[in-house]
Amino acid sequence: MSDETKNARDHAMERCRERRITIPTIAQLRNPSAIPTAIQTRMPALDMQDPNPLNLFRIGWHNDPTTGGFGPVNALEIPSELSGVPARIVGLVGRYFPTGAHKVGAAFGCLVPRLVSGQFDPTRHKAVWPSTGNYCRGGVFDSALLGCKSLAILPEGMSRERFDWLRSMGAEIIATPGSESNVKEIFDACWEIRKTQPDAVIFNQFEEFGNYLWHFGVTGPAAEEAFRALAGPRSRLAAWVGATGSAGTLAAGDYLKGASSGCTITAAEALQCPTLLACGFGAHRIEGIGDKHVPWIHNVRATDLVTAIDDEATMRLFRVFNEPAGREALLRRGVPYDLVGRLPLLGISSICNLLAAIKTARHFELDAADFVLTCFTDSAALYQTRLAELTAERGEYTDRQAEADIERFLLGATTDHLRELTYPDRKAIHNLKYFTWVEQQGRTVDELGALWSTAFWTDLQGQLPSWDEAIEAFNEEAGGRGPGSGVQAEAGP
Ligand SMILES: Cc1ncc(COP(=O)(O)O)c(C=O)c1O
């Protein structure tokens, strides 16, 4: 370890000591029963959105919104009355993460390995979070918990809720031109920061393998747990479906393929920006996904199906799930009352995932023994202004409109705009990475070539245990106590 690295790590430990921070291991985030009881008993009294370091332990899928403690994985099954397919579609619910979205986990995965290994000095460095919204909110939250300075970069066209929240956290913000799919502009802002701010450390979610590994180590096992909780003796884990922004969430599929042979992976994107499906580009309204490039961390060789979802379908169904006329129409059709009350757990990209899950089920003709797992990344709470905009633009939502939207966009979801990938298809998508990553972002052809190797990904996945060892050693040295004792976190900040 160089002197600089050792100093940075010492500073990080000092910071954690001062703030009484214990960093959770991936094993604890995956399975909260491994969290020391001293910490578990303190959680119910702590608000989930508080910038209190104990909330680091909530960067997982088991937060019980009723008790404030930990419970089973948060998941919601979408029954056939709603999906129109016999397959069982189950979405992990991101609403109950701090910040209301699962991206806080991807940010944890990028920041923590660098913090505990002396590659990020919280007393000197500024953490920079390039994002289309939720990732930078997660990064700002994690930085606040760990006592680091942070800078959020996001397109100016993202929802007002995101900007309001970032301001409320006192974050420094750079708003880049454009909206959802303008990621090149975000990358350009990063290059500018590299030139002008030597103390900035950029956590680029699109290329940081910490993003991939957090999902592989936490989201994948959570999906498996949700499946096992519902599965019968003949059940089959048939597919993982994820709309791709940074492609981090797709890594859960890599885990599930290892856990259940025959599991396929569907990558979804917006029809208005079908980069994987058709080398396409364009602007769209599914916030959080579809950025006109193939992320560096996308394990393309493991992706089986690509499908594009019309953003108009997601916006219409967003109204169905959130407007009184839409909910009444669903109740009339026999969708259970309790489920209708929970549909606001789906944000716009969650609806995209639901539609992609339906298409996957239709394409493979899945039956009632088959489970399609996906992710309801964030909830309607982050898009109330979008609802108001739709009303202003199109008028009040009516019964007639709701009936038409359910028939056309939900029950009428077909296998259009979908391709099951052949080997050459996968290779073509992999090759697309060249234009962003080698031509623009300074990667080499050899590095790109390495990503095509299956061994690259299995070696990467094999790094997870060493992460936990590094976190435990860090906690032990910072606190002078046994690993995972939780004593540091006893007093809170
Ligand atoms: C709302 C929303 N949905 C989906 C995604 C895509 O997830 P991933 O970046 O893991 O591909 C994001 C990413 O920021 C998001 O914010």
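In each ligand, atom 1 is the first atom listed, and ligand 1 is the first ligand listed. If you're wondering where the values come from, they're calculated on a predicted model, not measured in any experiment.
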| request: Run the numbers on Leu460 and Phe216 for side-chain contact (heavy atoms from CB on, under 4.5 Å), then give the verdict. | output: CA-CA 10 Å; Leu460 179 66; Phe216 184 89; over 6 Å; no

Provide, line by line, the atom pairs where ligand 1 and the protein bring an N/O atom each to a distance under 3.5 Å; else say none.
from     : atom 1 : to     : atom 2 : distance (Å)
ligand 1 : 3 (N)  : Ser349 : OG     : 2.5
ligand 1 : 7 (O)  : Thr249 : OG1    : 3.4
ligand 1 : 9 (O)  : Lys103 : NZ     : 2.6
ligand 1 : 9 (O)  : Ser246 : N      : 2.8
ligand 1 : 9 (O)  : Ser246 : OG     : 2.6
ligand 1 : 10 (O) : Gly248 : N      : 3.4
ligand 1 : 10 (O) : Thr249 : N      : 2.8
ligand 1 : 10 (O) : Thr249 : OG1    : 2.5
ligand 1 : 11 (O) : Gly245 : N      : 2.8
ligand 1 : 11 (O) : Ser246 : N      : 3.2
ligand 1 : 11 (O) : Ala247 : N      : 2.9
ligand 1 : 16 (O) : Asn134 : ND2    : 3.0

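With sequence neighbours left out, the side chain to side chain contact (heavy atoms under 4.5 Å, CB included) criterion links Arg58 to Met43, Leu46, Met48, Asn55, Asn63, Phe70, Pro98. In this view, Ala357 and Ile89, Val241, Val372 satisfy the side chain to side chain contact (heavy atoms under 4.5 Å, CB included) rule, not counting sequence neighbours.
Within the structure, ring pair (Phe, Tyr, Trp, His ring centres under 6.0 Å) pairs that include any residue of residues 137-188 comprise Phe187-Phe206, Phe187-His293, Phe187-Trp437 (at least two apart or interchain).
For the side-chain hydrogen bond (donor to acceptor under 3.5 Å, both in side chains) with Asn134, the lone residue among Thr99, Asp378, Thr377 that qualifies is Asp378.
Rounding to the nearest 0.5 angstrom, the gap separating the CG atom in Leu76 from the OG1 atom in Thr374 is 11.5 Å.
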